[in-house]
Structures are given as structure tokens and as C-alpha cells.
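Reading through the C-alpha cells given below for one structure.
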Amino acid sequence: MLEFLVSARFGVVGVRVVQALRFGGPEVLVAGEAPDPVAGADEVVVDVAVAGMTFVETQIRRGVDKWHAKPSLPYVPGGLVAGRVSSVGARVDATWLGRRVIAGTGETGGFAERAVAKVEELFPVPDGLGLPEAIALHSDGSTAQGLTEKAGVGPGDWVLVEAAAGGVGSLLVQLARSVGARVVGAARGARKLDLLRELGADAVVDYSEPAWTKRVLEATEGAGPDVVFDGVGGRIGREAFEVTARGGRFSVHGASSGEVTLIDSAEARSKGVEVIGIEQLFDFGPNVARWAEQMMSQAAAGLVRPVIGQTFPLERAAEAHAAIENRTAVGKTLLII
């Protein structure tokens, strides 16, 4: 097993982790052991049951993400975990002990049996909600809720969701439907299109096909979508902007193609389209807890459900990252520890 450098905040060796040894493909993720973490004064230690992951984290691992500083090598990936609080620091209320929580670990540290989190980064998990579902609703769910709120989706709107079979996209489909909007779900491949039909999309299109935007126009009776959720960028994002309805909203939240869709403000004005750029995500932080609570309430009411398409054990984290990058993953991908 791989041995890690011992820092002052760790105790005895014995916690299973996955570490990125260098920047590169999924193969740089290696299982090993690390010292048992110890909570600082304002921190807790969480016994991790579930570790979440995002597409952005795969790009951080490659060293190509433009929005986050590169972590110092070697590092343990994972910024969000779910589990039970097993110990608390000197200035932390002891009532946190034993509670089921979602915990933000910062940019790194989540791919481990135990992880340290600051007490202000804890979110209690409601009784009756599974930890895998809770972590999906907290991360992708809060993002989807925020995007829907910012774009002002309303009854009767036609909404185009790119990457609609992914973790965020599948929830955007359901949220739009829950407020009375009509949805065109765009994804790649029959398996993902079948999922979108199950989620209630009014129309589905495969954006790997050359004339996919023609099908979007046909579904919207020639008018184009009133709202576009652009999580792909690149050529797909640009083509989606071209068919956005006059007076519509073009909301950017991702760049799984490797390139963020950038729209010139003069061009947007000439088309009468409001562009909500990817920088909107920078303002989401203060609202995450509120949006997560809303999503969990809607899930409890049966209005939405997180799609957890695949899970992997900790030692197969490289396979999980590969599934996200090669587009075979459906819905949310999680590590079960």
C-alpha cells in the first residue's frame, strides 16, 4: 500500500484513501493508507459512507481546470462526503457527535474512510433520507435549484437541458417539469434518452446527430426554447444559443466539452437573448444550504428524485472518474465506502 507523508494533524496510520500521485488520466488515482485524521479546534471528523464527485474534479485531476488552483501533489481528491460525525474539536458542540451529515472538505480530502471538515461546512441529513440521495441532492440538487431560480423558469416555458441525463441535468429536467415548463432533454445515446423519457421530458434529442437543433425547433414549434441550460459548451453550446427563442434566457453552468460557451454581449442583444454566464456559480455559495433544503423537501414530496446511475467502492475511484470522463455515466456517480 502507498504510504503518505505524516502531518502534525494526523494520528496513527490506518485509514484507507485514494490519492492522485500526479496530474493526468484516471490511472493516477492510487489506493493506499494514510494517518488517521484528527479534528482541529473548529473541526469534526466524519466516518465517510459516501463520497461525491463531479466532472470538474476530473479536470482538476488532469491539471487542466481553469477555475480552481492546482492542489499540491500528491493529494486526496473529493470535496463533499456524507457519513456520521465520529469526533469533534475543542470548540465544536458535542451534540454533533453521531449525527448523519453532508460535509464539505474544501477542494480535497473526500476519497477516504475518514475526512476532516470545518463545523460550518456541515449539513444535517434529514431522517428517512439515504446518504447517497442526500449527497446528490445537496451538491447537484442545490446547483439545479439555483440555476432554475436564476433563469426564472415558469409555467409554459420551453426549456432545453443539455447533458440532461447527468447529475445536474436530470434534476433540471424534473424541476422544470414541476413548475409546469415543457422540456427538451438533450443527451448522447439511446440509454440516456430513455432515462429522459422516464423523467418526463416532453421531447428528447441526441446532440451527437448533425441536425439535432432542427429537432429542437420542431419540438418547440419553430420558436426555439425559452430557456437553455448549457452544461456542455463548445460546439453544442454555441448551436443551442443559435436556436434560443427571442426574449429567452441562455444559462451557462458547465463545459464538459472542455470549452465554456462565450457569447458576445452585442450578439446576445441583437438576438434578444439574456445570457447568464458561468460566473453565476461563484455567487451560489451563500444559498447552497437553502437550495439543498428545498430539494430535499421536494424529494420527500415525490416531486424530484436524484438519479444515482452508478456507484463504485473506494479502491475503484479511477474507474469512477473514467466513467464520468468517457460519458458512459448516467446521473450521479458516487463512491460507497
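The first residue in the sequence is number 1, and the count goes up from there.
- The two atoms that bring Pro313 and Leu335 nearest to each other are O-CD2, 3.8 Å, heavy atoms only.
- For the side chain to side chain contact (heavy atoms under 4.5 Å, CB included) criterion with Val252, the lone passing option out of Leu262, Val260, Val228 is Val260.
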Start with the C-alpha distance between Gln298 and Gln174, add both sets of side-chain angles, then the distance that settles side chain to side chain donor-acceptor pair (under 3.5 Å), and finish with yes or no.
CA-CA 10 Å; Gln298 292 183 81; Gln174 296 175 74; over 6 Å; no
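- With rounding to the nearest 0.5 angstrom, the CZ atom of Arg16 is 9.5 Å from the CD atom of Glu33.
- A single hydrophobic cluster is seen to contain both Val184 and Phe250, as judged by linkage of ILVMFWY side chains at heavy-atom distances under 4.5 Å, directly or through other members.
- For the pair Arg99 and Trp96, the cation sits on the ring face: its NZ or CZ lies under 6.0 Å from the ring centre, inside 45° of the axis.
- The cationic atom of Lys70 (NZ for Lys, CZ for Arg) does not lie both less than 6.0 Å from the six-membered ring centre of Tyr75 and within 45° of the ring axis.
- Under the 4.5 Å side-chain heavy-atom criterion for grouping Ile, Leu, Val, Met, Phe, Trp and Tyr, Val227 is not connected to Leu171 through any hydrophobic cluster.
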Apply salt bridge (charged side-chain N to carboxylate O under 4.0 Å, His left out) to the pair Arg61 and Glu27, showing each step before the final yes or no.
CA-CA 10 Å; Arg61 187 209 67 235; Glu27 70 279 357; over 6 Å; no
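- Expressed to the nearest 0.5 Å, how far CD of Glu274 lies from CD1 of Ile263 amounts to 13.5 Å.
- When each of Val183, Asp157, Val159, Leu160 is tested with Pro225 by the rule side chain to side chain contact (heavy atoms under 4.5 Å, CB included), just one qualifies, namely Leu160.
- Considering only residues two or more places apart in sequence or on other chains, Trp291 meets the ring-ring contact (aromatic ring centres under 6.0 Å, His included) condition with Phe284.
- When each of Val18, Asp47, Val48 is checked for a side chain to side chain contact (heavy atoms under 4.5 Å, CB included) with Ile337, only Val48 meets the rule.
- Taking all atoms of both residues into account, the shortest heavy-atom contact from Gln310 to Val330 is NE2-O, 2.9 Å.
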Can you check side chain to side chain donor-acceptor pair (under 3.5 Å) on Thr105 and Glu121, steps first, answer last?
CA-CA 8 Å; Thr105 62; Glu121 296 298 327; over 6 Å; no
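- One hydrophobic cluster, built from ILVMFWY side chains closer than 4.5 Å, holds both Val85 and Val92.
- Of the candidates Ile336, Thr333, Leu334, Phe312 forms a side chain to side chain contact (heavy atoms under 4.5 Å, CB included) with just one, namely Thr333.
- Atom CZ in Arg246 sits 13.5 Å away from atom CG in Asp226 (nearest 0.5 Å).
- Between atom OG1 of residue Thr261 and atom CZ of residue Arg235 there is a gap of 11.5 Å, rounded to the nearest 0.5 Å.
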Evaluation steps, side chain to side chain contact (heavy atoms under 4.5 Å, CB included), between Val304 and Leu175:
CA-CA 7 Å; Val304 299; Leu175 286 174; 4.0 Å; yes
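- Shown here is Glu221, whose CD atom has no more than 12 heavy atoms of other residues, nucleotides or ligands within 6.0 Å.
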Going through the checks in order, is the salt bridge (charged side-chain N to carboxylate O under 4.0 Å, His left out) test met by Glu267 and Lys271?
CA-CA 6 Å; Glu267 183 181 9; Lys271 282 181 59 68; over 6 Å; no
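- Classified by interplanar angle (parallel below 30°, tilted 30° to 60°, perpendicular above 60°), the ring pair Trp67/Phe282 is tilted.
- For the atom pair CG (Leu80) and CE (Met53), the distance works out to 11.5 Å, reported to the nearest 0.5 Å.
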Between Val30 and Gln19, does a side chain to side chain contact (heavy atoms under 4.5 Å, CB included) hold up when you go through it step by step?
CA-CA 5 Å; Val30 178; Gln19 185 188 49; 5.7 Å; no
After noting the C-alpha distance and the side-chain angles of Glu162 and Arg188, does the key distance pass the salt bridge (charged side-chain N to carboxylate O under 4.0 Å, His left out) rule?
CA-CA 10 Å; Glu162 301 168 12; Arg188 187 187 305 268; over 6 Å; no
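- The minimum heavy-atom distance between Thr108 and Pro71, with the atom names listed, is CG2-CB, 4.1 Å.
- When the side chains of ILVMFWY residues are joined at heavy-atom separations under 4.5 Å, either directly or via intervening members, Leu314 and Val76 end up in a single hydrophobic cluster.
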Decide yes or no on side chain to side chain contact (heavy atoms under 4.5 Å, CB included) for Val46 and Arg84, but give the supporting numbers first.
CA-CA 5 Å; Val46 177; Arg84 288 189 184 274; 5.9 Å; no
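- Thr143 places a side-chain N or O within 3.5 Å of a backbone atom of Ser139 that can act as its donor or acceptor partner.
- Side chains of Ile236 and Trp212 form a contact here, defined as non-hydrogen atoms less than 4.5 Å apart.
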Just do the side chain to side chain contact (heavy atoms under 4.5 Å, CB included) check on Lys150 and Ser251 with the steps written out, would you?
CA-CA 8 Å; Lys150 294 284 186 181; Ser251 174; 6.0 Å; no
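- Taking hydrophobic clusters as Ile, Leu, Val, Met, Phe, Trp and Tyr residues chained together by side-chain heavy-atom distances below 4.5 Å, Leu137 does not share a cluster with Leu195.
- Asn326 contributes a side-chain N or O that, together with a main-chain N or O of Ala322, makes up a donor-acceptor pair within less than 3.5 Å.
- Going from atom CG of Asp36 over to atom OG of Ser86 covers 8.0 Å, rounded to the nearest 0.5 Å.
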